[in-house]
Structures are given as C-alpha cells and as structure tokens.
*Asks:* 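So that we are looking at the same thing, I have put the structure below in structure tokens.
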Amino acid sequence: MLTAAALPSFKQCTRCGSTWIDCTDFLSDPSVNLRAYQVSFEELEAGIFLFDHSCRASLSIAVGDFSHLSDGPVFEERAVGTDECPGYCLKRTNFDRCPVRCECAYIREVLQIIKIWPKNAG
Ligand SMILES: [Zn+2]
C-alpha cells in the first residue's frame, strides 16, 4: 500500500489533507474554486492564486505553477501605472482579460483558463 507521502502531489490541503496529483487534477475538482489573484510586480511568476476548498481552507499556489496553461504572447513591456493600464491586477478578485499589451497580461489569460476549466462531475 502506498502512503500519501510516497505519491507525487501538486498540492495538499493543509486543513483536510486532500491531495491533488497535478494541475489538471486540481483544476477539475469541483470542490476547488478560484478566489483571488495576488499580483507580485517584482516577480510575476511569484504571484499567488488563491483558491477556496470545500473544507473552507484557502489554498495558495504560485502563478508559476499555472503559467504553462497559457500559450499566448508574453509582452516584454509593462503598462502598469500608465494611462493604458486598467489596473485589473490590483483588484484581487477581478479575473477579466486585459486588453493592453503588457507583460502582466498573460496571467490574466491564465486566470480565464482556470476560471472556465471544466469540472469533474460529482
Ligand atoms: Zn481542504
């Protein structure tokens, strides 16, 4: 019999101990819901996605663990702080796509993908 520790896991819930083997397993789980995005302007990949688990725990996972989901363009320039920037990244519960050619925009794309990810039935 395998112990939980012997299995590779993507994420473990600190409260109820549920484990998810990979990103797909995690996002397909109907008991997991995207709650917020906490931007890290210093290092975008170190930003945090916050999820609610059905046990009422809040799970935080680094943006870098999901950024492979987007195959869209990544712009080099940042528009943060300019007139163009709608400031979505500063609103933790805003998951809208960003229309601006900005380095931070690909994460908005990842947010969309997470949001519409099909959930397993039951
Ligand atoms: Zn849990």
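As a basis for the values below, the full set of heavy atoms in this structure was taken, side chains included, without hydrogen atoms, waters or symmetry mates. Everything quoted here is computed from the prediction, not taken from an experiment. Residue indices begin at 1 and follow the sequence shown. Order of appearance sets the numbers: ligands from 1, and atoms from 1 within every ligand.
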*Asks:* Would you please indicate if the ring centroids of Phe49 and Phe66 are separated by under 6.0 Å?
*Replies:*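 Yes, the ring of Phe49 comes within the 6.0 Å limit of the ring of Phe66, centre to centre.
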
*Asks:* Under a 4.5 Å cut-off applied to non-hydrogen side-chain atoms, are Arg92 and Leu50 in contact?
*Replies:*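 A side-chain contact under 4.5 Å exists here.
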
*Asks:* Taking the six-membered ring for Trp and the single ring otherwise, decide whether the centroids of Phe26 and Phe51 are under 6.0 Å apart.
*Replies:*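 Phe26 vs Phe51: aromatic centres under 6.0 Å.
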
*Asks:* Enumerate the salt bridge (Lys or Arg N to Asp or Glu O under 4.0 Å) contacts for residues 69-84, please, sequence neighbours excluded, ordered by first and then second residue.
*Replies:*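 Only Arg78-Glu103 qualify under salt bridge (Lys or Arg N to Asp or Glu O under 4.0 Å).
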
*Asks:* Hey, are Trp20 and Ser9 close enough side-chain-wise for a donor-acceptor pair under 3.5 Å?
*Replies:*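 Checked: Ser9/Trp20 side chains show no N/O donor-acceptor pair below 3.5 Å.
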
*Asks:* Listing residue and atom name, which protein N/O/S atoms are closer to the Zn ion (ligand 1) than 2.8 Å?
*Replies:*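 As for protein N, O or S atoms lying under 2.8 Å from the Zn ion (ligand 1), they are Cys13 SG, Cys16 SG, His53 ND1, Cys55 SG.
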
*Asks:* Does the side chain of Glu45 pick up a donor-acceptor pair with the side chain of Ser67 at under 3.5 Å?
*Replies:*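 Checked: Glu45/Ser67 side chains pair up, N/O donor to acceptor below 3.5 Å.
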
